[in-house]
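Letters A, B, ... mirror the listed sequences (proteins, then strands); counts begin at 1.
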Amino acid sequence: MLDPKDFNAAAYVAAVAPAVGLRLPAERQARVAAALELVVKIGVPALSCEVAEEIEPAPVFNPGVSRP
Amino acid sequence: MTPVEKVQDALARIARDDGRVNAFTAVLGERALERAAKVAPDAPLAGLTFAAKNLFDIAGIPTVAGSKIRRSAPPATRDCILIRRLEDAGAVCLGALNMDEFAYGFTTENSHDGACHNPHDLTRIAGGSSGGSGAAVAAGMVEASLGTDTNGSIRVPSSLNGIFGIKPTFGRLPRTGSVPFVASLDHVGPFARSVTQLAGIYDVLQGPDPADACQLATGIDPVLPGLEGGIQGLNIARLGGWFEGPMTDAARNAVAAVAQALGAASTVSWGMAEATRAAAFLITSSEGGGLHLPELRAAYEDFEPLTQDRLLAGALLPAAWVLHAQRVRAAGRDAMAAIQREFDILIAPATPTVATPIGQEELVLDGVRMPLRPSMGLYTQPISGIGLPVLTVPIQNAEGVLPIGVQLIGRPWREDVLFRAARVLEASGLCAAPVAPAFAAPASTN
């Protein structure tokens, strides 16, 4: 799913941060990119893990208690 | 001692010792004495002294969650449900405890409140994120404490401070009245210095709470009545593979000792451990960053310097990565369920090392250099990632004066089996949690 070598963290942070309303100066962008690279490094075993189509996401939304 | 005398003793200890440990961020002496005076003598936890990680609501003070930005929040109007349950059972809350900001960390090197110091060696970390919860109990300032565990934040402080701690099954205990970190992974639970005391506390904490939409438990499964049930008939194994990765001899020897004491002859491997740990890491990054995105937009400089960049990076993670991580987590759970059909308890290290010096940035284990802060959770994060119950048992003097913990991992909802095994280990003398020697003297003698 992801080869870390293909992931340009600096470019990604520069592009995505404004999209979620984060205005980060260049120096901060570089630090966030470094943090993101660590996330990717540790996350790769999950991102490269193939899972069967029928495996559903783990969280279960609870619609609340039924009150007849 | 009467409950009032116990509270007076605890307050004297806090006054004498917390200047060195920095476990407390708020001490509520007046409240504690008032409540102690009203404790019924036959209450199940009559006079038990405890304190709570400062992300739990305590009426009258802001719930700061280790942060700067919540210090100006209005005081909580009522205690969180777990504190109410403990005090309804006769326990007395002494105050709020130091932690990593917003529970994001394994070291409790909090820049706003100062680092929490390990009572076994004050130059070392108390672990985190519930570091104050571990240190306050290990130093004997309180008998028990409350903490939370998203990726290891009960088990790491249990290990590094040498005390017992239970991270129950995900969804067992209600989280109502606590500041969340990662809703998909947050657990709450207690610490104590004896298995019997931990069991009594855990039983009082149980019970459904309609206000918690994430709580899954619908009843109470008490562990205290069967505590002396022993381990005969239980199938127990060591977790191999990922859980035999980089670690110190202290960690390795502790696991071996516990395995031998419990008769765990075989080793099993959970092939999804690394992927599940990675999934938990991604989910944590994303949910943690996303939760605080409004405040990050307004003033990210006000966050803990150690986590500013991690939170900002987490808030940017692609949704596809996080959704995939949630599916990996489910696959990891299913793979573990196949193993647990055969085994009642699995044994694994809690931390790869004993407590490290405050300020240390890296670990070198078995020749592998790694960042210290995320690596403290190497062996806890995969297990909380799939929500299994874990009771951490302490081995004292594992490396010099420093203790280390071992995880007893159970099937979902079978905390009772873990308590029985922990009690066997305690009765054998292998596992114990005395007050750290430097703090053992009665308060009145100093």
Donor-acceptor contact below 3.5 Å, side chain B:D302 vs main chain B:I69 = no

Sidechain-backbone polar pair: B:E274 side chain, B:W242 backbone, donor-acceptor under 3.5 Å = no

Which atom names give the shortest non-hydrogen contact between B:A280 and B:T284, and what distance separates them?
-> O-OG1, 2.7 Å

Run the numbers on B:K68 and B:E304 for salt bridge (charged side-chain N to carboxylate O under 4.0 Å, His left out), then give the verdict.
-> CA-CA 8 Å; B:K68 174 183 173 185; B:E304 164 67 58; over 6 Å; no

Contacts of type ring pair (Phe, Tyr, Trp, His ring centres under 6.0 Å), residue B:F243, not counting sequence neighbours | none

Using a cut-off of under 4.5 Å on heavy-atom pairs, state which of A:V13, A:L36, A:V51, A:V16 scores highest against chain B.
-> A:V51

Filtered by a 4.5 Å non-hydrogen cutoff, the part of residues 306-313 of chain B contacting chain A is B:Q308, B:D309, B:R310, B:L312, B:A313

Is B:R411 reaching over with its side chain to a backbone N or O of B:R341, donor-acceptor style, under 3.5 angstrom?
-> yes

Would you mind telling me which of B:P318, B:G332, B:G314, B:S285 has the largest number of heavy-atom pairs within less than 4.5 Å of chain A?
-> B:P318

Report the option among B:T276, B:I283, B:L185, B:L293 that has the most heavy-atom pairs separated by less than 4.5 Å from atoms of chain A.
-> B:L293

Do B:T150 and B:D186 meet the criterion of a side-chain donor-acceptor pair at a distance under 3.5 Å?
-> yes

Measure from the side-chain N and O atoms of B:E109 to the backbone N and O of B:G359, and report whether any donor-acceptor pair falls under 3.5 Å.
-> yes

Residue B:F170 versus chain A: region with a heavy atom under 4.5 Å = neither

Are any side-chain N or O atoms of B:W321 and backbone N or O atoms of A:A46, one a donor and one an acceptor, separated by less than 3.5 Å?
-> no

Interface moiety of A:A19 toward chain B, non-hydrogen atoms closer than 4.5 Å | neither

Okay, B:I386 and chain A: the region with an atom under 4.5 Å from a heavy atom over there is neither

If you count heavy-atom pairs under 4.5 Å between each of B:L316, B:V328, B:L282 and chain A, which one has the most?
-> B:L316

Pick from A:I42, A:V20, A:L22 with the largest number of heavy-atom pairs that fall under 4.5 Å of chain B | A:I42

Can you find a heavy atom in the side chain of B:M376 that is under 4.5 Å from one in the side chain of B:T353?
-> yes

